[in-house]
Amino acid sequence: MQRTKVADLLRSNEIGKTFTVKGWVRTRRGNKQVNFVALNDGSGINNLQIVVDMEQFDEALVRRITTGAAISVDGELQKSQGSGQNVELLAKTIEILGDSDPDKYPLQPKKHSLEFLREIAHLRFRTNTFGAIARVRHSMIFAVHEFFNKKGFYNIHTPIITASDAEGAGEMFQVTTLDLDKLPRTEDGKIDYSKDFFGKPTNLTVSGQLEGELAALAMSEIYTFGPTFRAENSNTSRHLSEFWMIEPEMAFYELKDNMDLAEEFLRYLIQYALENCKDDLEFLSQRQQQEEKGKKEADRAMELIEKLKFVLEDDFARVTYTEAIQILENSKPNKKNQFNYPVKGFGTDLQSEHERYLVEKHFKKPVILTDYPKEIKAFYMKLNDDNNTVRAMDVLFPQIGEIIGGSQREESYEKLTSRMAEMNIPEEEMWWFLDTRRYGSVPHSGFGLGFERLMLFVTGMTNIRDVIPFPRAPKSAEF
RNA sequence: UCCUUAGUAGCUCAGUUGGUUAGAGCGGCGGACUGUUAAUCCGUAGGUCGUAGGUUCGAGUCCUACCUGAGGAGCCA
């Protein structure tokens, strides 16, 4: 018989009909007369209750239905006598597909800490929380492509392995096939990369932006959605060594168009989650509420779904860096010396505590900060007429901070090369990038959205290692 | 990388100023209960206390180093 998914069966009202379900056992309980098995196959957050009439089954078989075991059940759908579910499956035949030794299976029918589950990340898909996160993650991936497809953007695959070290977005992972025990040397003792696989030093990409610009200056509107790698030794709940980034790049967009797109994009994704991930979000919300019980009232996060809706209600605040500095300088915590890093006028690099104050205390909604001093931003950002600030924009979200970083790009060949000279970026390595400014250069803009940061916000999880299936971080590459 | 903090049964934790056979809850296992809802009740088996040194008559409990986790900072997405 054809297999029916648990989620479909739970929605079904074909009482009395026979179905086959396959999945993994969450719990079994009962007595000599009747047993109840909670079965999940990943199709949704809710389990199907299998009712096992003990008179119909061999006790030895039923004993093998342990937490974690895989089973196949043929049975009749019926209205549930219990109150926890509408329908249940009265088992007619049960087949054990895969046993699971209850003495050794690490997942117990009880609450586990997220830290423990990180140590058994190969099995954590089987928990409610990580099943929900995996489904939400899928929906968000799908929504990203849907959004851009609807708007006529083309998805571009940019390279994972690159030879350019130009963006300076952080430490890079080197890619090599050289034998590290016997490195070939040139006459002056340096490593001879002409012997390496690509004939020159190569790394894993830290951003697809530069290649994205090449595509945008022909295709008009493109986006990338791929893995990026940073070998930065950063050990926080907001950073990964391997993460997924979405980078749209648009010809003929100025900074305001860029901001409008970023805001529309984020709203679209959140709206999509609310409409398509209701069950999972409700579960994640309950989970979060449980977690928050131990905290002081002032430290508690807003209820998840309420928080998501709240972001949709209001336009994001848009302020320039200069205005933000003034707000911060005149803020209570600054005057009372409560910031660890006091704000001292133009040029101060904003710290996490400052961003959090702006978003969570002052504006109480997402904030887009623009026009930063050129000194603290990348070389490719368009210089403003004041010669002092660049057309950068950072979108700041409550709790997670910077979720998007972007800018209008410098389209002038002269200004770009002079900025590169100031920042000691070798022109000869960037000849291909500079060609876009030599031939048919136009105003253009783009931004990068850290996909896992979005996932943090949408799921209400607080550690980024919990919103990607197999997190990569310093000293951590298991599974 | 820096600061703080933690590392005791499968999991979550308690172990008083260093002192006889290291405790609990949950989970597992055995049993009871004619429909349960991480069920309930009774019983039972599991640890030498992150690793390596050291102090001491004696260390889970003090000291040093290292490893690992968590929270925060920097870097950023």
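The shown structure was predicted, so the numbers you read here are calculated from the model rather than taken from an experiment. Naming convention: chains lettered A, B, ... in sequence-line order (proteins, then strands); numbering from 1 in each chain.
In this structure, the nucleotide among B/rG31, B/rU37, B/rG69 sitting nearest to the side chain of A/Arg63 is B/rG31.
Under 4.0 angstrom from either OP1 or OP2 of B/rU1 there lies no side-chain N or O belonging to A/Asn235. Neither OP1 nor OP2 of B/rC2 sits under 4.0 Å from any side-chain N or O of A/Asn233. For B/rC75, neither phosphate oxygen OP1 nor OP2 lies less than 4.0 angstrom from any side-chain nitrogen or oxygen of A/Arg238. Between A/Arg29 and B/rG35 there is no side-chain polar atom (N or O) within less than 4.0 angstrom of OP1 or OP2.
The stretch residues 96-116 of chain A touches RNA chain B through A/Pro102, A/Asp103, A/Gln108, A/Pro109, A/Lys110, A/Lys111, A/His112, A/Ser113, A/Glu115, A/Phe116, each having a heavy atom within less than 4.0 Å of the strand. Applying a 4.0 Å cut-off to non-hydrogen atoms, the residues of residues 64-89 of chain A that approach RNA chain B are A/Ser80, A/Gln81, A/Gly82, A/Ser83, A/Gly84, A/Gln85, A/Glu88, listed by residue number. RNA chain B lies under 4.0 Å from at least one heavy atom of each of the following residues of residues 445-458 of chain A: A/Gly448, A/Arg453. Using a 4.0 Å cutoff on non-hydrogen atoms, no part of residues 315-323 of chain A comes near RNA chain B.
Just one residue in the list A/Ile400, A/Asn463, A/Leu456 forms a side-chain contact (heavy atoms from CB on, under 4.5 Å) with A/Ser237, and that residue is A/Asn463.
Legend: residues meeting side-chain contact (heavy atoms from CB on, under 4.5 Å) with A/Trp24, ordered by chain and number and at least two apart, are A/Ala70, A/Arg126. For A/His354, the ring-ring contact (aromatic ring centres under 6.0 Å, His included) test picks out A/Phe339, with sequence neighbours left out. Listed by chain and number, the residues in a side chain to side chain donor-acceptor pair (under 3.5 Å) with A/Glu355 amount to none (sequence neighbours excluded). Not counting sequence neighbours, A/Phe310 has no partner by the ring-ring contact (aromatic ring centres under 6.0 Å, His included) test. By the salt bridge (Lys or Arg N to Asp or Glu O under 4.0 Å) test, A/Glu55 is found to be paired with no residue, residues two or more places apart in sequence or in another chain being considered.
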Quick one: side chains of residues 37-51 of chain A, donor-acceptor pairs under 3.5 Å with protein atoms, not counting sequence neighbours, listed by atom name and distance.
{"residue": "A/Asn40", "atom": "OD1", "partner": "A/Gly42", "partner atom": "N", "Å": "2.7"}
{"residue": "A/Asn40", "atom": "ND2", "partner": "A/Gly44", "partner atom": "O", "Å": "3.2"}
{"residue": "A/Asn40", "atom": "ND2", "partner": "A/Asn47", "partner atom": "OD1", "Å": "2.9"}
{"residue": "A/Asp41", "atom": "OD1", "partner": "A/Ser43", "partner atom": "N", "Å": "3.0"}
{"residue": "A/Asp41", "atom": "OD1", "partner": "A/Ser43", "partner atom": "OG", "Å": "2.5"}
{"residue": "A/Asp41", "atom": "OD2", "partner": "A/Arg3", "partner atom": "NH2", "Å": "3.2"}
{"residue": "A/Asp41", "atom": "OD2", "partner": "A/Val6", "partner atom": "N", "Å": "3.0"}
{"residue": "A/Ser43", "atom": "OG", "partner": "A/Ala7", "partner atom": "N", "Å": "2.9"}
{"residue": "A/Gln49", "atom": "NE2", "partner": "A/Glu88", "partner atom": "OE1", "Å": "3.2"}

Side-chain donor-acceptor distances from residues 343-352 of chain A under 3.5 Å, at least two apart:
{"residue": "A/Thr348", "atom": "OG1", "partner": "A/Lys344", "partner atom": "N", "Å": "3.3"}
{"residue": "A/Thr348", "atom": "OG1", "partner": "A/Lys344", "partner atom": "O", "Å": "3.3"}
{"residue": "A/Thr348", "atom": "OG1", "partner": "A/Gly345", "partner atom": "O", "Å": "2.6"}
{"residue": "A/Gln351", "atom": "NE2", "partner": "A/Asp349", "partner atom": "O", "Å": "3.2"}

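The CZ atom of A/Arg419 sits 10.0 Å away from the CE atom of A/Met381 when rounded to the nearest 0.5 Å.
For RNA chain B, runs of at least 3 consecutive pairs of the Watson-Crick or G-U wobble type, with both hydrogen-bonding distances under 3.5 angstrom, map to B:1-7 with B:67-73, B:10-13 with B:23-26, B:28-32 with B:40-44, B:50-54 with B:62-66.
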